[in-house]
Amino acid sequence: MPSISMIKNEREFYQDFHSLIGVLKAIAISQFHALERKIQTYEEFIAAVESFFDLLEVESIAHPFVHPAEDAPLGIIAITSDKGLLGGLNHRVMTVAYGYMENPKNQLVIVGQEGQKFVQGMNLFFKGFTSGEDEERYLRALEIRDHVIGQVIEGHMGPVKVIYPYASSIQVQKVMEMDLLPCTKWPREDDRKWNEVFGEDVLLESYPSHLVEYLVYLLMAQKLFEILQFARLAEYAARTTHLEESSDKIKDIDKKLQRKYFRARHEVIDQQMRELFAARALYAEQNG
């Protein structure tokens, strides 16, 4: 059995470790609530831009943003983090994304270094982006949008899906999927169909395909920006949950060490008492 001093030192290590985890957990909770208050979704902007679709017979427009080629590869965008301590959330996102890569022609885009580590050694080509800091989030959305649009226009991608983490609460995180293209799969709050045209006579100075391309160009950046915000919020939530679980495990370890420490102390005390009684008995026998 380890000595009392060794057990005591081990307990002190875990107690300090528990305090450190408590600090990290408090930081993650603070980051979660701060970002939760700052998240911007720009519903009015999105509604205003989407209202232009009501002037077009979208379903009849020949454009890869509306009707991808039947043989066009699927594009998959997986949103992960640059840092760990998320308790397997990045792994869950990449597991879903990897499930779409059975067709070797499909194109994979991975945002976040943790997701890129997942596919290392798999002989799988992907385009990688870092998730970046909070102030870089909008620029990152623009970079991803430009890459995806270029790939779709060139025919390297057809339909495009985004796989990302979402925090229902600070305790619950789940993996979400969203169809980024074709645009006709975007949900509409008023349940109108994409081929329903508002009004009767509309005068267009540009080709409908050009209008759709520009509208999608605007909205895709905003949708990706919102997704990156939600993913970062889920990152803070998952880190909080993971640190809470780690804290509970360390408490259990400390309880076991505490029992081991008391047991070792009792054994030392018992041994000292036996040696004391033996010494007294020997002394009494010699002087009896």
Do Lys185 and Met178 have side-chain heavy atoms sitting under 4.5 Å apart? no
Using a 4.5 Å cut-off on heavy atoms from C-beta on, say whether the side chain of Tyr138 contacts that of Leu228. no
N/O donor-acceptor pair under 3.5 Å between Glu136 side chain and Glu133 backbone: yes
Would you name the heavy atoms of Ser169 and Ala237 that are closest together and state the gap between them? O-CB, 4.0 Å
More than 12 heavy atoms of other residues, nucleotides or ligands under 6.0 Å from CD of Glu135: is that the case? yes
Ile170 CD1 to Thr241 OG1 distance, which is reported to the nearest 0.5 Å: 7.0 Å
Apply side-chain contact (heavy atoms from CB on, under 4.5 Å) to Asp16 and Leu20, showing your working. CA-CA 6 Å; Asp16 291 341; Leu20 175 61; over 6 Å; no
Take atom CZ in Phe45; do more than 12 heavy atoms of anything else shown fall under 6.0 Å from it? yes
Looking only at non-hydrogen atoms, find the nearest pair between Glu102 and Gly99 and report the distance. CG-O, 3.9 Å
Which is it for Asp82 and Thr130 under the side-chain hydrogen bond (donor to acceptor under 3.5 Å, both in side chains) test, yes or no, and what are the steps along the way? CA-CA 6 Å; Asp82 287 337; Thr130 60; 4.5 Å; no
If we only count heavy atoms from C-beta on, is the Arg137 to Arg232 side-chain gap below 4.5 Å? yes
Is it true that Leu89 and Val111 fall in one hydrophobic cluster, defined by side-chain heavy atoms closer than 4.5 Å? no
Minimum heavy-atom distance between Pro68 and Pro182, given as atom pair plus value: CD-CB, 4.0 Å
Give a yes-or-no answer on whether the side chains of Tyr164 and Glu226 include a donor-acceptor pair shorter than 3.5 Å. no
Show your reasoning for whether side-chain contact (heavy atoms from CB on, under 4.5 Å) applies to Val119 and Phe125. CA-CA 9 Å; Val119 298; Phe125 175 79; over 6 Å; no
What pairs with Phe32 under ring-ring contact (aromatic ring centres under 6.0 Å, His included), at least two apart in sequence or on another chain? none
For Glu235 and Gln173, what are the C-alpha separation, side-chain angles and deciding distance, and is it a side-chain contact (heavy atoms from CB on, under 4.5 Å)? CA-CA 9 Å; Glu235 177 184 332; Gln173 307 89 45; over 6 Å; no
Which is it for Glu12 and Asn9 under the side-chain contact (heavy atoms from CB on, under 4.5 Å) test, yes or no, and what are the steps along the way? CA-CA 5 Å; Glu12 290 176 352; Asn9 290 337; 3.9 Å; yes
Drop me the distance from Ile29's CD1 to Tyr236's OH, to the nearest 0.5 angstrom. 13.5 Å
Which of Val58, Val152, Ile153 passes side-chain contact (heavy atoms from CB on, under 4.5 Å) with His63? Answer is Ile153
Would Lys127 and Phe129 count as a cation-pi pair here, with the cationic atom under 6.0 angstrom from the ring centre and within 45° of the axis? yes
Hydrophobic clustering (ILVMFWY, side-chain heavy atoms < 4.5 Å, transitive) - are Met176 and Ile110 grouped together? no
What distance do Gln113 atom CD and Thr80 atom OG1 have between them, rounded to the nearest 0.5 Å? 9.0 Å
Minimal non-hydrogen separation, Ser209 against Ala62, with atom names: CB-O, 4.1 Å
Ile79 side chain near Val93 side chain, heavy-atom distance below 4.5 Å: no
For His91, does the NE2 atom have more than 12 heavy-atom neighbours from other residues, nucleotides or ligands under 6.0 Å away? no
When you compare the side chain of Leu74 with that of Ile76, does any pair of heavy atoms fall below 4.5 Å? yes
With heavy-atom distances below 4.5 Å as the criterion, would you say the side chains of Pro165 and Val175 are in contact? no
Are any non-hydrogen side-chain atoms of Phe65 and Ile149 less than 4.5 angstrom apart? yes
Report whether Ile163 and Val109 are members of the same hydrophobic cluster (ILVMFWY, side-chain heavy atoms less than 4.5 Å apart, transitive linking). no
With rounding to the nearest 0.5 Å, note down the distance linking CD1 in Ile77 to CG in Leu224. 5.5 Å
For the side chain of His18 and the backbone of Lys251, is there at least one donor-acceptor N/O pair under 3.5 Å apart? no
For the CD1 atom of Ile27 and the CG atom of Leu243, what is their distance to the nearest 0.5 Å? 9.5 Å
So which heavy atom on Met101 is nearest to which on Ala97, and how close? CG-O, 3.6 Å
Donor-acceptor under 3.5 Å (Asn106 side chain, Pro73 main chain): no
For Asn90 and Glu114, work out which heavy atoms get closest and say how close. ND2-CB, 3.4 Å
Would you say Phe225 and Gln229 make side-chain contact, with heavy atoms under 4.5 Å? yes
Check the hydrophobic clustering (I, L, V, M, F, W, Y; side-chain heavy atoms under 4.5 Å; chains of links allowed) and say if Leu181 and Tyr100 are grouped together. no
Drop me the distance from Ser168's OG to Leu233's CG, to the nearest 0.5 angstrom. 10.5 Å
Does atom OH (Tyr98) have a neighbourhood of more than 12 heavy atoms from anything else shown, all under 6.0 Å? no
How far apart are the C-alpha atoms of Lys249 and Glu245, what are their side-chain angles, what is the distance that settles it, and do they pass the salt bridge (Lys or Arg N to Asp or Glu O under 4.0 Å) test? CA-CA 6 Å; Lys249 290 179 181 178; Glu245 293 172 351; 5.7 Å; no
Hydrophobic clusters here meaning ILVMFWY residues chained together by side-chain heavy-atom distances under 4.5 Å, can you tell me if Ile227 and Met157 are in one? yes
Polar side-chain atom of Arg145 near backbone of Leu218 as donor-acceptor pair, under 3.5 Å: no
Inter- and intrachain pairs under salt bridge (Lys or Arg N to Asp or Glu O under 4.0 Å), touching residues 157-176, at least two apart: Lys161-Asp179
